[in-house]
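Heads up, the thing below is written out as structure tokens.
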Amino acid sequence: MKIDLIKRLAMGAFVGCFIVMLVMVLISLQNGPQNISFTGVTIINAFLGSIVVGWGFSLTGLIYERDDIAFPLQIAFQMGIGMVILFIVAVYLQWMPINLGIGIIIEWIIIACVFAAVSWCGFYIYYYLVARDLNNKLNVKK
């Protein structure tokens, strides 16, 4: 259990940092890299904030180890808690421009949900394929 927790924390930090850096690169490419200047504070906040958000999504993934909870509820639990943590961090670090009106906030939320859904689907497919390969290996050894 202790090793699993460390793996989850490491994976959450890695994926969180990867996604935030990807978003920063996409923003730079959209606006022109020569027009963007990230300060040291911005990069440190992005780094630490992305780790916290990654932990929020990865630690809530422990819900999938419970067989007594329906799969759709497990997904809703993980995404709900992960998104709440994301939104708290985003407001605190001013990633979400709450002073620019409701339209920008809704757009930000939609983009965050798309990134979360794509990441979730990627992990689901990966673990599905790992389980399928393990089952195939077990069937071959019989």
Side-chain angles (χ1 to χ4, degrees), residues 1-140:
M1 182 65 174
K2 192 174 187 180
I3 298 295
D4 186 48
L5 182 64
I6 292 170
K7 285 180 183 178
R8 284 184 184 278
L9 290 172
M11 182 61 80
F14 170 76
V15 172
C17 286
F18 175 79
I19 290 174
V20 167
M21 290 299 118
L22 179 64
V23 168
M24 291 174 83
V25 167
L26 293 175
I27 289 170
S28 294
L29 291 175
Q30 178 185 10
N31 296 324
Q34 67 280 3
N35 298 325
I36 298 291
S37 175
F38 294 114
T39 66
V41 172
T42 303
I43 292 173
I44 290 169
N45 285 343
F47 176 72
L48 296 175
S50 64
I51 289 173
V52 170
V53 172
W55 287 347
F57 278 100
S58 67
L59 291 178
T60 54
L62 290 169
I63 193 73
Y64 296 110
E65 295 179 7
R66 301 275 314 259
D67 293 332
D68 59 328
I69 300 173
F71 188 59
L73 289 176
Q74 292 173 335
I75 297 169
F77 175 82
Q78 183 190 24
M79 287 297 149
I81 300 294
M83 285 299 191
V84 166
I85 292 170
L86 172 62
F87 295 142
I88 290 170
V89 169
V91 169
Y92 181 75
L93 294 178
Q94 299 174 353
W95 292 347
M96 185 184 329
I98 58 175
N99 58 340
L100 296 179
I102 192 72
I104 298 295
I105 293 171
I106 291 171
E107 181 181 331
W108 197 95
I109 290 171
I110 290 170
I111 291 169
C113 288
V114 167
F115 268 93
V118 168
S119 297
W120 186 90
C121 287
F123 279 103
Y124 178 80
I125 291 168
Y126 170 76
Y127 286 115
Y128 173 82
L129 293 174
V130 167
R132 186 186 70 184
D133 289 345
L134 287 173
N135 285 336
N136 288 341
K137 288 178 183 177
L138 288 173
N139 288 334
V140 168

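Quick note: residue numbers are just sequence positions, from 1. Values reported hereafter were calculated over all heavy atoms of this structure, with side chains retained and with hydrogens, waters and symmetry mates removed. Treat the numbers as computed from the prediction; the structure is a model and nothing was measured.
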Over 12 foreign heavy atoms within 6.0 Å of OH, Tyr92: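 Not more than 12 within 6.0 Å, no.
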Greater than 12 external heavy atoms within 6.0 Å of Tyr128's OH: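 No, because the 6.0 Å sphere around OH of Tyr128 holds 12 heavy atoms or fewer from other groups.
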Could you state the interatomic distance from [atom1] ([X]) to [atom2] ([Y]), rounded to the nearest 0.5 Å?
{"X": "Leu48", "Y": "Cys17", "atom1": "CG", "atom2": "SG", "value": "8.5 Å"}
{"X": "Leu134", "Y": "Leu129", "atom1": "CG", "atom2": "CG", "value": "11.0 Å"}
{"X": "Ile125", "Y": "Trp120", "atom1": "CD1", "atom2": "CH2", "value": "9.0 Å"}
{"X": "Arg132", "Y": "Asn135", "atom1": "CZ", "atom2": "CG", "value": "10.0 Å"}
{"X": "Leu93", "Y": "Asn45", "atom1": "CG", "atom2": "CG", "value": "5.0 Å"}

Ion pair Asp4/Arg8, N-O distance below 4.0 Å: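 Answer for the salt bridge query: yes.
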Hey, are the side chains of [X] and [Y] touching, using non-hydrogen atoms and a 4.5 Å cut-off?
{"X": "Gln30", "Y": "Leu26", "answer": "no"}
{"X": "Phe77", "Y": "Leu73", "answer": "no"}
{"X": "Val15", "Y": "Ser58", "answer": "no"}
{"X": "Ile111", "Y": "Cys113", "answer": "no"}
{"X": "Leu59", "Y": "Leu5", "answer": "yes"}
{"X": "Val20", "Y": "Trp95", "answer": "yes"}
{"X": "Phe123", "Y": "Met11", "answer": "yes"}

Of all the heavy-atom pairs spanning [X] and [Y], show the shortest one and how long it is.
{"X": "Ser119", "Y": "Ile19", "answer": "OG-CD1, 3.3 Å"}
{"X": "Leu86", "Y": "Ala112", "answer": "CD2-CB, 3.7 Å"}
{"X": "Ser50", "Y": "Gly16", "answer": "CB-O, 3.3 Å"}
{"X": "Ile85", "Y": "Gly56", "answer": "CD1-CA, 3.5 Å"}
{"X": "Trp55", "Y": "Leu9", "answer": "NE1-O, 2.9 Å"}
{"X": "Asn35", "Y": "Asn31", "answer": "ND2-O, 2.9 Å"}

Donor-acceptor pair, side chain of Gln74 and main chain of Ile63, under 3.5 angstrom: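 Yes, because the side chain of Gln74 sits within donor-acceptor range (under 3.5 Å) of the backbone of Ile63.
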Partner set under ring pair (Phe, Tyr, Trp, His ring centres under 6.0 Å) for Trp108, not counting sequence neighbours: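 With neighbours one apart ignored, the set is Phe87.
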Chi angles and distances behind the side chain to side chain contact (heavy atoms under 4.5 Å, CB included) call for Tyr64, Ile69: CA-CA 8 Å; Tyr64 296 110; Ile69 300 173; over 6 Å; no
Worked verdict on Phe57 versus Met83 for side chain to side chain contact (heavy atoms under 4.5 Å, CB included): CA-CA 8 Å; Phe57 278 100; Met83 285 299 191; 4.1 Å; yes
Side chain to side chain donor-acceptor pair (under 3.5 Å) partners of Thr42, counting only residues at least two apart: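 If we apply the side chain to side chain donor-acceptor pair (under 3.5 Å) test to Thr42, skipping adjacent residues, the hits are Thr39.
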